[in-house]
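Encoded as structure tokens, the structure appears first; notes follow it.
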Amino acid sequence: MAKLKVGVLISGRGSNMAALIEAARSPGYPAEIAVVISNVATAGGLETARQAGIPAVAIPHKGYPDRESFDRAVSAELERHGVGLVALAGFLRIQSPWFPAHWKDRILNIHPSLLPSFPGLHVQQQALDAGVRLSGCTVHFVTAELDAGPIVAQAAVPVLPGDDADRLAARILRQEHRLYPEVVRWFAEGRLRVDGQRVAVEGLPAGATLLFSPEP
Ligand code: GAR
């Protein structure tokens with residue numbers, strides 16, 4: 001069966017993108033990374049993608065008069081590569097409502113907190129400042145409201161004494177790299193059902209959980 005073509009949008013180093021590329025290398029994986037697009041021409045992830053033989057395109061947002069015209073240019077590039085799923089992976093540009101409407105139920109994001117806690121920026125510092133003992137990451141469908149679309153799965157990690165934002169971010173990132181490829185696999189297998197704010201994953205083994213547990 002033809003593999004689902006995934007377009008990955010990044011703004012920086014692209015470690016989640018790299019995790020998706022790595023997962024897609026295994027023969028049984030049902031998706032392939034068709035194109036990587038960055039709104040930042042110097043994003044390190046573009047080079048990583050090129051080295052993996054994947055088309056990597058910079059579309060600097062500064063070249064466009066408004067958010068929607070930039071979004072339409074990105075969308076045209078995704079469509080040129082036959083993309084059926086858009087995966088935001090550290091894409092730090094707020095999109096116009098047009099983009100999630102156009103890609104409705106075909107666009108995922110990974111966010112480094114247990115949403116709906118701590119949307120937006122400086123996420124790990126928000127978690128530390130709030131004094132939570134548990135944080136993690138969330139993969140969710142993207143809607144017009146920032147970091148608020150239907151949640152597919154989450155991975156949890158402890159917040160440990162002595163953590164600063166960087167240490168916590170690194171602990172969460174390891175889980176991001178597990179979680180995102182798994183959710184993209186489910187999507188590619190056609191197993192995600194979105195019903196309002198809730199998402200069901202069909203065909204999970206009995207007793208399976210959509211919370212990836214904390215590391216020991
Ligand atoms: C990741 O932690 C991702 O969850 C976060 O940016 C980082 C990108 O790292 N995304 C957001 O904060 C989106 N709101 P990466 O470029 O190495 O994948």
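In each ligand, atom 1 is the first atom listed, and ligand 1 is the first ligand listed. All heavy atoms count here, side chains included; hydrogens, waters and symmetry mates do not.
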| query | For ligand 1, is there an atom lying under 4.0 Å from some heavy atom of Val123? | reply | no
| For ligand 1, is Ile10 a contact, meaning one of its heavy atoms is under 4.0 Å away? | no
| By number and element, which atoms of ligand 1 are closer than 4.0 Å to a non-hydrogen atom of Leu173? | 2 (O)
| Which ring-ring contact (aromatic ring centres under 6.0 Å, His included) pairs, counting each pair once, include a residue from residues 131-179, with sequence neighbours left out? | none
Which protein heavy atom lies closest to [atom], and at what distance to 0.1 Å?
atom: atom 11 (C) of ligand 1; answer: Pro112 CD, 3.6 Å
atom: atom 9 (O) of ligand 1; answer: Arg13 NH2, 3.2 Å
atom: atom 15 (P) of ligand 1; answer: Ser15 N, 3.4 Å

Anything under 3.5 Å between a donor and an acceptor, one on a side chain of residues 26-37, the other on a protein residue two or more places apart or in another chain? List them.
unit_1	atom_1	unit_2	atom_2	d
Ser26	OG	Ala23	O	2.9
Tyr29	OH	Pro181	O	2.6
Tyr29	OH	Arg185	N	3.4

| request: Pick whichever of His111, His177, Gln175, Glu176 has a heavy atom sitting closest to atom 14 (N) of ligand 1. | output: His111
| field | Pick from Gly14, Gly12, Gly90: the one approaching atom 16 (O) of ligand 1 most closely through a non-hydrogen atom | value | Gly14
| task | Tell me, yes or no, whether the heavy-atom count around Lys3 atom NZ, taken from other residues, nucleotides or ligands under 6.0 Å, exceeds 12. | result | yes
| message | With heavy-atom distances below 4.5 Å as the criterion, would you say the side chains of Trp103 and Leu78 are in contact? | response | yes
| query | Does Pro65 reach the side chain of Phe70, with side-chain heavy atoms less than 4.5 Å apart? | reply | no
| Residue pair Asn16 / Glu176, side-chain donor-acceptor N/O under 3.5 Å | yes
